[in-house]
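Each remark here refers to the structure printed beneath this line.
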Amino acid sequence: MHEFRMMEDLHKLQNQFSSLWDPFLSAGGSAYPSLNVHKGSESVTITALIPGITPDSLDITVSGNQLRLSGEAPTFAPKTNFGANRVERFQGKFQRTLELPTEVDPEKTTAEFKNGILVLTLPIRESVKPRKIQIQTN
């Protein structure tokens, strides 16, 4: 067995095994793009690695505590008559939906894109932020 093919098969097996514990992957979702999600006291910050994609090709939708990120990663293929020995980079259309740790305010959400890194800052909705209750005494 060719060593690259064997590694590819092991990678597929690892993904199938991992999907047993990840409901997102077992439901047929794609783990592209890779995301980091951080919840602070005022906002949720999401960092997505999407190299080779232009900001115009992205569609970002926020509703309540759901984020949907979709777009299309371009296909990079050399102009030769040779077939690919190994393809690891994602290419084609993608869509990723995830549940945020809390409800956010889509009107105040900001998105920055630089060098293939998308940073979303989603302020937490005021109505779900913890509030200190003042005790009244007579």
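- Under a hydrophobic clustering in which Ile, Leu, Val, Met, Phe, Trp and Tyr are joined whenever their side-chain heavy atoms come within less than 4.5 Å, directly or via other members, I117 and L120 fall into different clusters.
- Scanning both residues, R68 and T97, for their nearest heavy atoms gives CG-OG1, 3.6 Å.
- L98 contributes atom CG, which lies 5.5 Å from atom CG of L100 (distance to the nearest 0.5 angstrom).
- Between L69 and D59, the closest side-chain pair of non-hydrogen atoms is not below 4.5 Å.
- Taking 4.5 Å as the limit, some side-chain heavy atom of E99 sits within range of a side-chain heavy atom of Q66.
- For the pair L35 and P33, the minimum side-chain heavy-atom distance is below 4.5 Å.
- Minimum heavy-atom separation, R131 to E126: NH2-O, 3.0 Å.
- For D105, there are no side-chain hydrogen bond (donor to acceptor under 3.5 Å, both in side chains) partners at least two apart in sequence or on another chain.
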(message) What verdict does the side-chain contact (heavy atoms from CB on, under 4.5 Å) test give for T102 and V44, after you've listed the backbone C-alpha separation in whole Å, the side-chain angles of each residue and the deciding distance to 0.1 Å?
(response) CA-CA 8 Å; T102 187; V44 175; 4.0 Å; yes
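- Residues P106 and R125 form a side-chain contact, since some pair of their non-hydrogen atoms from C-beta on lies under 4.5 Å apart.
- Legend: side-chain hydrogen bond (donor to acceptor under 3.5 Å, both in side chains) pairs involving residues 38-49, not counting sequence neighbours, sorted by first then second residue: E42-K129.
- In this structure the side chain of P123 never reaches within 4.5 angstrom of the side chain of V104, judged on heavy atoms.
- With a 4.5 Å cut-off on side-chain heavy atoms, T121 and T109 do not count as touching.
- The heavy-atom pair separating I50 from F113 by the smallest distance is O-CZ, 4.0 Å.
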